[in-house]
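Worksheet: one structure, shown below.
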Amino acid sequence: MPNDHDHPPAKKFKPGSVFFRNDKNKPGMLLPRKGNATTPIEVQRKQLPIYQAKPQLMNQLRQLHNAILIGETGSGKTTQIPQYLYEAGIGRQGLIAITQPRRVAAISLAGRVAEEKRTQLGKLVGYTVRFEDVTSSETKLKFMTDGMLLREAIGDPLLLRYTVVVLDEAHERTVHTDVLFGVVKAAQRRRRELNKIPLKVIVMSATMDVDLFSEYFNKSPVLYLEGRQHPIQIYYTKHPQSDYLQAALVTIFQIHQEAPPSHDILVFMTGQEEIEALARTCRDIAKHLPDGCGPMVVIPLYASLPPAQQLRCFQPAPKGCRKVILSTNIAETSVTISGIKFVIDSGMVKAKRFSPDSGLEVLAVQRVSKAQAWQRAGRAGREESGSCYRLYTENEFDSLIPMTVPEIQRCNLSSVMLQLMALGVPDVMNFDFMSKPSPEAVRSAVNHLELLGAVERKEGHVFLTALGKKMASFPLEPRYSKTILLSPDYSCSDEILSIVSLLSVDTVLFNPPAKREEVLAARKKFSSSEGDHITLLNIYRAFKKVSGNKEWCRENFVNSRNMGLVNDVQAQLRDICLKLNMKLGSCGAEMENVRRCIARGMFVNAAELQPDGSYLALDTHQPVSIHPSSVLFQGKPAYVVFNELLHTSRCYMRDLCLVDADWLLEAAPEYFGRKLHPSKS
DNA sequence: GAGCACTGC
């Protein structure tokens with residue numbers, strides 16, 4: 001094989017820069033860790049790049065209150081820094097928290113560190129994620145999701161249990177991490193003012209764009225960690241491509257014809273449909289290749305794939321056969337595949353955007369950021385050098401935005417604002433965000449909370465009400481917690497807890513397009529003319545009746561894994577209700593109670609039938625339609641409340657509940673004023 | 001008469 005760096009297989013490409021990245025050797029994720037049974041753990045630890053820097057690093061960390069640590073994951077920083085801190089006796093007066101954006105990462109890192117410390121998980125080293133707390137009074141090193149630390153902060157805004165907080169993967173800029181930035185910064189300052197034990201904050205990031213971090217954390221020093229580097233050759237197209245699907249296809253097969261079969265290909269696309277279509281085309285073409293061209297195995301990879309099928313991407317292809325993985329951005333961070341030699345980057349991603357005016361979230365295909373493009377490129381050559389083919393020109397690359405817009409600037413802020421107020425933040429409208437969301441987004445969130453009765457305005461200030469305080473104790477969107485808190489008035493808490501749990505997990509229903517008729521027939525047994533909420537409740541009750549029988553789930557196209565999650569969520573919500581001394585009970589078959597309760601909790605999401613048969617959303621007056629997946633699709637109910645709006649070919653309402661105009665009026669007389677025309681109901 | 005990237009409490 002000629003040196004494939006000098007001879008790009010795809011002729012329409014031209015070489016760009018060579019990108020150096022660090023070798024990743026991170027344990028866990030979905031990647032089974034390579035057993036290295038012959039090398040003792042102590043030796044392995046000393047082989048990590050970070051080990052060389054240890055004395056100097058610890059010297060600095062001992063003195064600093066804030067530090068920004070830049071280094072690729074392979075430097076060993078996430079597993080080693082917490083141990084170094086502990087071994088040096090730093091922060092012994094309290095716990096060391098290490099936060100992660102994802103559950104799997106928190107769990108597997110804790111496992112790895114416990115192993116290195118030769119202790120049982122849950123003793124010295126533990127982890128806390130939702131539904132799982134593997135810590136004890138002995139725990140000093142605590143790995144946790146960032147969302148979990150945020151929850152803890154509501155009960156303890158100064159984070160007094162902790163002497164060190166390590167915020168890992170900060171470059172991902174999840175909403176939770178961004179809010180935590182502000183929370184730890186405030187806690188740090190407040191603890192200093194109150195002469196409490198100081199809080200050390202260490203921010204760890206893979207990005208080189210550190211000015212923002214450093215500036216925000218009081219111009220804190222930036223420490224760089226070297227990793228092991230493998231070069232990645234970048235190729236750009238010579239001309240802009242009008243059809244990235246076609247371009248991807250051509251590139252896959254040019255590589256396939258020229259590179260050794262053991263070199264696997266990872267292709268970044270935008271979504272399920274596109275990936276399945278491309279997979280079909282690839283398999284078809286692969287059947288008719290010239291002699292001397294080996295076989296290929298094409299593997300789709302996206303989040304909604306059943307777990308067993310997701311695991312296929314880790315299996316090595318048979319000898320002489322090439323593995324081609326077609327993936328969404330799940331392979332950018334969440335799933336790590338070894339042995340990838342080539343990355344093909346479409347340059348596109350499907351991502352959510354939010355418009356505060358309409359309150360609409362739109363999922364749209366858009367261009368990636370430069371940081372994202374580098375992240376994708378970095379997936380080639382984790383073990384050795386690799387290549388990345390960008391299906392766009394170098395000029396197009398130059399015009400990409402440098403960093404992905406942080407999620408906090410792209411989402412509905414009502415939960416965040418409620419949480420900040422529950423944390424006792426004095427002026428939420430001007431919270432010290434590292435990247436400020438737009439004032440409109442903040443205002444719209446606070447307005448929403450005011451409508452729900454969670455906050456009140458007095459003399460230009462916003463205050464949390466007693467109801468708002470209770471709402472904040474639920475790990476839910478505010479309108480859901482409001483509905484739960486209303487449920488005792490209608491004696492239907494059991495039903496509402498089930499419905500809210502059903503709505504807050506990913507869908508519990510399977511919809512294989514090939515079995516459309518069967519699915520419809522199975523669904524019919526549970527469908528209710530009162531709407532989708534009641535229909536879901538019927539399915540859940542039937543599921544409980546057969547004790548979650550797997551066979552029943554298969555026959556009825558019910559996702560038993562997600563149903564299990566519904567049970568966990570419901571148990572958690574019930575616990576919170578009991579702590580709030582709520583009187584829980586069931587309304588039995590009296591579904592009108594349930595609908596009245598939903599109407600009162602969700603009145604902001606109401607829509608009204610117009611004389612011409614269309615619907616208008618009552619708050620924004622925008623035209624909306626009933627989504628064809630709804631059980632109310634065939635009917636023309638006068639008033640409905642909906643769970644969410646989905647903007648695709650039209651603006652669709654999803655998960656609808658039939659309501660009376662009177663109920664809406666009762667829920668918010670002033671709000672609706674003359675908006676309603678109840679004569680029609 | 002449609003089709004949903006990815007996390008997380």
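In what follows, chains carry the letters A, B, and so on, assigned in the order in which the sequence lines appear, proteins first and then strands, with residues in each chain numbered from 1.
- At whole-Å resolution of the value, CZ in A:R130 and C1' in B:dT7 are 13 Å apart.
- A:E169 has its CD atom 14 Å from the C1' atom of B:dC6, to the nearest Å.
- If you check B:dC6, B:dC9, B:dC4 against the side chain of A:V129, the one that comes closest is B:dC9.
- To the nearest angstrom, P of B:dC9 lies 13 Å from CG of A:D506.
- Listed candidates were B:dC6, B:dC9, B:dC4. Nearest to the side chain of A:K350 is B:dC4.
- Applying the salt bridge (charged side-chain N to carboxylate O under 4.0 Å, His left out) test to residues at least two apart or on different chains, the pairs with a partner in residues 364-374 of chain A are A:R367-A:E396.
- Taking atom CG of A:L509 as the reference point, atom C1' of B:dA2 lies 15 Å away to the nearest angstrom.
- If you measure from atom CZ of A:R173 to atom P of B:dG8, you get 19 Å, rounded to the nearest angstrom.
- Look at A:S415 and you won't find any side-chain N or O under 4.0 angstrom from OP1 or OP2 of B:dC9.
- Note on A:E152 versus A:K142: salt bridge recorded, some NZ/NE/NH1/NH2 to OD/OE distance being below 4.0 Å.
- Proximity of a side-chain donor or acceptor of A:T507 to a complementary backbone N or O of A:L509 within less than 3.5 Å is detected.
- Contact annotation for A:Y302: backbone-only contact, meaning every heavy-atom pair under 4.0 Å involves sugar-phosphate atoms and none involves a base.
- Nearest nucleotide to the A:F633 side chain, out of B:dC9, B:dG1, B:dC6: B:dG1.
- For the 3.5 Å distance criterion, the side chains of A:Y540 and A:N567 qualify, holding a donor opposite an acceptor.
- Take the nearest nucleotide of DNA chain B for A:R410 and for A:S504: the residue whose nucleotide is more 5' is A:R410.
- Applying the side-chain hydrogen bond (donor to acceptor under 3.5 Å, both in side chains) criterion to A:Q309, with sequence neighbours excluded, gives no partner residue.
- Note: CZ (A:R650) to P (B:dG1) measures 8 Å, nearest angstrom.
- Listed nucleotides: B:dG1, B:dA5, B:dC9. Nearest to the side chain of A:M148: B:dC9.
- A donor-acceptor contact under 3.5 Å links the side chain of A:R654 to the base of B:dC4.
- Under 3.5 Å, the side chains of A:D345 and A:Y244 contain no donor-acceptor pair of N or O atoms.
- In this structure, CG of A:D568 is placed 13 Å from C1' of B:dC9, rounded to the nearest angstrom.
- Distance CG (A:D178) to P (B:dG8): 17 Å, rounded to an integer number of Å.
- Residues A:T145 and A:P628 each lie close to DNA chain B; by heavy-atom proximity, the contact nearer the 5' end of the strand is made by A:P628.
- For A:N329, taking side-chain heavy atoms from C-beta onward, the closest of the listed nucleotides B:dA2, B:dT7, B:dA5 is B:dA5.
- The A:H627 side chain lies nearest to B:dA2 when the options are B:dC6, B:dA2, B:dA5.
- Closest to the A:L646 side chain, of the nucleotides B:dC6, B:dC4, B:dC9, is B:dC4.
- Out of B:dA2, B:dC9, B:dA5, the shortest distance to the side chain of A:R151 is found at B:dC9.
- No contact: A:E332 has no heavy atom under 4.0 Å from any strand.
- The phosphate of B:dC6 (OP1 or OP2) has no side-chain N or O of A:R102 nearer than 4.0 angstrom.
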